[in-house]
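Atoms considered below: every heavy atom in the structure, side chains included; atoms not considered: hydrogens, waters and symmetry mates.
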Amino acid sequence: HEEIKAEPKVEVKDVPAPVPEVKQTAIEPVAEPEPTPPADLSGWIIYTTTDGEDINFWNTAAVNSCIDEFGAYIGPNGERYIHVKSIPEDFQGGFYNFKNLKTIDLTHVDFSNCKTLKNLFYESSSVEKIDMSGLNLQNVTDMSYMFENCANLKELKLKGIDATNAETMESMFKECTSLEEVDFTGVKSSRCSNTYAMFMNCGSLKSYNLAQVGECQKEFTSVMFLGCKSLKTIDLSAMNWKLIGMEDDYKISSTIKGCSPSEIKIPAILTDYVMSIALMGVESDGTLYYPKGSDPKSAIAFLQSGGRK
C-alpha cells in the first residue's frame, strides 16, 4: 500500500477587522466675550485720558481707600471704568496731580459720607471736563482749592449739587485759566461764607450769575474775581450785604477789584460811597480805573442805572 502523508496543519491567526478611517475635524476655539459696560453704573467712575492709556497712578491715599474694582470695558471714545465704595469722610486730594486725566464723570458715586473735598483735583492740569452735577455733598464742609490749577478745565458741571453745609470755597477755581463759565443752577450752599480768591486769575471766565445759586448765604470776601480779565457780566444782585462801617465797604470793593465788566448788577442798598469804589480796579502799574468813565460820579451813575450801558 502507498503511504498517505497527512497534510501539514496550517495555523490560522485572528486577523483584526479593518478600522474605518475617521476624518479629523478641527475644533474652533471659543471666543472670549467682549467686555461690556456695567449694566448698573452705581459706584462707577467714568473717565478718559489724554494719551489713551490708563491713569498714570491711582495711588493717592484717598482713592486707595475706596477702590474695589477696575472695569475691563474700554468704550469707543476711550472711556474707562473704576468702581469705588462710598467716598470716605476725608477725600482730600482724591484726584490730586492726575496729569493724564482728560474727562471724569462722578455723578454715579456716593459722596454722602464725605466731609472734605479740599484739593480734590488740585494740579490735575490736563483735565478738560468734570461732571459732578446732582451730587449729595450735604456733609462736606470744606470745598477749598478743589479745582485750583486745573489750567485746561473748560467744562465744569455742578448743577443741582447739595452743599448745604459747605463753609469755605476759598480759591475753589483759582488759576482755572481756560474756564469760561460754571453752571451753579440749583446749587445749595446756605452756610458758605468764605469765597476768598474763589475765581482768582480765571482769565477766560466771561460771566457770573449769583442768582443761579438756589440757596446761599451770599457773603463775599476779597479778591474773588481778581485777574478775571475776560469777565464782562456779573450779576451780584442777589447778595444780602449788610453795610456796617468801612470793613464792609472794603469787602464789597475788593470783591470786584481787578476786573472790568461792561455789565454789573449789585444790591440797590449800596451807598453812594460804596458804589463809587465798588468797581475800582488796579492796573498793572498801580493806577486806579473805573470800567465806565474815569471819575467816581460816572461809576455811581453806571451802578444806579442798574449796571447797564
Peer 1: Pairs under 3.5 angstrom only: tabulate donor-acceptor contacts from the side chains of residues 70-80 to other protein residues two or more places apart or in another chain.
Peer 2:
from  : atom 1 : to    : atom 2 : distance (Å)
Glu79 : OE1    : Asn77 : N      : 3.0
Arg80 : NH2    : Gly52 : O      : 2.8

Peer 1: Taking Val140 as the starting point, is it possible to reach Val187 by hopping between hydrophobic residues whose side chains are less than 4.5 Å apart?
Peer 2: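 Yes: a chain of side-chain contacts under 4.5 Å links Val187 to Val140.
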Peer 1: Could you tell me whether Lys154 atom NZ has more than 12 heavy atoms of other residues or ligands within 6.0 Å of it?
Peer 2: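 More than 12 within 6.0 Å, yes.
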Peer 1: How about Phe111 and Leu106: do any of their side-chain heavy atoms sit closer than 4.5 Å?
Peer 2: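 In contact.
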Peer 1: Is any side-chain heavy atom of Leu153 closer than 4.5 Å to a side-chain heavy atom of Phe121?
Peer 2: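 No, their side chains stay 4.5 Å or more apart.
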Peer 1: Could you state whether Val84 and Ile46 fall into the same hydrophobic cluster, counting links through intermediate Ile, Leu, Val, Met, Phe, Trp or Tyr residues with side-chain heavy atoms under 4.5 angstrom apart?
Peer 2: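 No, because Val84 and Ile46 fall into different hydrophobic clusters, even though each may have its own neighbours under 4.5 Å.
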Peer 1: For Glu167, check side chain to side chain donor-acceptor pair (under 3.5 Å) against everything at least two apart and list the hits.
Peer 2: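 Checked Glu167 against side chain to side chain donor-acceptor pair (under 3.5 Å); matches are Arg191.
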Peer 1: Would a single hydrophobic cluster contain both Val109 and Leu101, if residues Ile, Leu, Val, Met, Phe, Trp and Tyr are joined by side-chain heavy-atom contacts under 4.5 Å?
Peer 2: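 Yes: a chain of side-chain contacts under 4.5 Å links Leu101 to Val109.
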Peer 1: Could you measure the distance from the CG atom of Asp183 to the OG1 atom of Thr185? Nearest 0.5 Å is fine.
Peer 2: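 The distance works out to 3.5 Å.
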Peer 1: Within this structure, what is the NZ-CD distance for the pair Lys118 and Gln92, rounded to the nearest 0.5 Å?
Peer 2: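 Spacing of NZ (Lys118) from CD (Gln92) equals 5.5 Å.
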Peer 1: Quick one: sort the Phe173 and Phe147 rings into parallel, tilted or perpendicular, breaks at 30° and 60°.
Peer 2: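 Rings of Phe173 and Phe147: parallel, under 30°.
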Peer 1: Do Leu226 and Tyr145 share a hydrophobic cluster (ILVMFWY, side-chain heavy atoms under 4.5 Å, transitive)?
Peer 2: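 Per the 4.5 Å side-chain linkage, Leu226 and Tyr145 are not co-clustered.
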Peer 1: I'd like to know if the side chain of Ser230 and the backbone of Gly203 have a donor-acceptor N/O pair within less than 3.5 Å.
Peer 2: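 Such a contact is found between Ser230 side chain and Gly203 backbone.
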Peer 1: Side chains of Tyr81 and Asp105: is there a donor and an acceptor less than 3.5 Å apart?
Peer 2: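 No.
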Peer 1: About how many Å separate CG of Leu135 and CG of Leu117, when rounded to the nearest 0.5 Å?
Peer 2: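 Nearest 0.5 Å value for the CG-CG distance: 9.0 Å.
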Peer 1: Hey, what do you get for CD (Glu170) to SG (Cys192), rounding to the nearest 0.5 Å?
Peer 2: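 The CD atom of Glu170 sits 10.5 Å away from the SG atom of Cys192.
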Peer 1: Does Ser112 offer a backbone N or O that forms a donor-acceptor pair with the side chain of Asn139 under 3.5 Å?
Peer 2: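 The answer is yes, because a donor-acceptor pair under 3.5 Å joins these two groups.
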Peer 1: Test side-chain contact (heavy atoms from CB on, under 4.5 Å) on Val63 and Tyr96 and set out the steps.
Peer 2: CA-CA 10 Å; Val63 169; Tyr96 163 71; over 6 Å; no
Peer 1: Let's go through Ile82 and Tyr47 carefully: what are the C-alpha distance in whole Å and the side-chain angles of both, what is the deciding distance for side-chain contact (heavy atoms from CB on, under 4.5 Å) to 0.1 Å, and is it a yes or a no?
Peer 2: CA-CA 8 Å; Ile82 186 172; Tyr47 63 97; 3.9 Å; yes
Peer 1: By side chain to side chain donor-acceptor pair (under 3.5 Å), which residues pair with His83, not counting sequence neighbours?
Peer 2: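 For His83 the side chain to side chain donor-acceptor pair (under 3.5 Å) partners, ignoring immediate neighbours, are Asp68.
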Peer 1: If you look at every heavy atom in Leu158 and Met172, which pair is closest and at what distance?
Peer 2: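 Shortest heavy-atom separation between Leu158 and Met172 comes out as CD1-CE, 4.4 Å.
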Peer 1: Going by atom types only, do Thr103 and Thr48 share a side-chain donor-acceptor pair under 3.5 Å?
Peer 2: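 Yes.
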Peer 1: Please give me the minimum heavy-atom distance between Met169 and Ser189, naming the atom from each residue.
Peer 2: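 Closest approach of Met169 to Ser189: CE-CB, 3.9 Å.
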Peer 1: Who pairs with Asp162 by side chain to side chain donor-acceptor pair (under 3.5 Å), at least two apart in sequence or on another chain?
Peer 2: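 In terms of side chain to side chain donor-acceptor pair (under 3.5 Å), with neighbours along the sequence ignored, Asp162 is linked to Gln138, Thr164.
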Peer 1: Treating Asn97 as the side-chain partner and Lys99 as the backbone partner, does any N or O pair qualify as donor plus acceptor under 3.5 Å?
Peer 2: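 Judged by distance alone, no pair lies under 3.5 Å.
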Peer 1: Looking at Glu181, I'd like to know if its CD atom is crowded, meaning that more than 12 non-hydrogen atoms belonging to other residues, nucleotides or ligands lie closer than 6.0 Å.
Peer 2: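 Check fails, neighbour count at 12 or below.
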Peer 1: Could you tell me which non-hydrogen atom of Cys114 sits nearest to which non-hydrogen atom of Phe91, and how far apart they are?
Peer 2: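 Shortest heavy-atom separation between Cys114 and Phe91 comes out as SG-CB, 3.9 Å.
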Peer 1: By salt bridge (Lys or Arg N to Asp or Glu O under 4.0 Å), which residues pair with Glu180, not counting sequence neighbours?
Peer 2: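 Residues passing salt bridge (Lys or Arg N to Asp or Glu O under 4.0 Å) with Glu180: Lys206.
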Peer 1: Can you tell me how far the CG atom of Asn152 sits from the SG atom of Cys176, to the nearest 0.5 Å?
Peer 2: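 Asn152 CG to Cys176 SG: 10.0 Å, rounded to 0.5 Å.
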Peer 1: Is the shortest heavy-atom distance from the side chain of Thr107 to the side chain of Lys157 under 4.5 Å?
Peer 2: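 Answer no - side chains too far apart.
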Peer 1: What's the shortest heavy-atom distance between Gly94 and Ala62, and which atoms?
Peer 2: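 Closest heavy-atom pair between Gly94 and Ala62: CA-CB, 3.8 Å.
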Peer 1: Give me the atom names and distance for the closest heavy-atom approach of Ser126 to Thr50.
Peer 2: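 Here Ser126 and Thr50 meet closest at CB-CG2, 3.8 Å.
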Peer 1: Measuring from Met200:CE to Phe225:CZ, what's the distance to the nearest 0.5 Å?
Peer 2: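 Reported to 0.5 Å precision, the distance equals 12.0 Å.
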Peer 1: Could you report the tightest heavy-atom contact between Asn113 and Ile87, atom names first, then the distance?
Peer 2: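 Where Asn113 meets Ile87 most closely, the heavy atoms are CB-O, 3.9 Å.
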Peer 1: Residues in salt bridge (Lys or Arg N to Asp or Glu O under 4.0 Å) with Glu175, at least two apart?
Peer 2: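 None.
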Peer 1: Quick one: which of Asn194, Thr195, Asp142 gives a side chain to side chain donor-acceptor pair (under 3.5 Å) with Thr168?
Peer 2: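 Passing option: Asn194.
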Peer 1: Given side-chain contact (heavy atoms from CB on, under 4.5 Å), test Val182 with Phe199 step by step and report yes or no.
Peer 2: CA-CA 11 Å; Val182 182; Phe199 294 97; 4.2 Å; yes
Peer 1: Side-chain heavy atoms under 4.5 angstrom apart, residues restricted to Ile, Leu, Val, Met, Phe, Trp, Tyr: same cluster for Met146 and Phe184?
Peer 2: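 The answer is yes; both residues are in one hydrophobic cluster.
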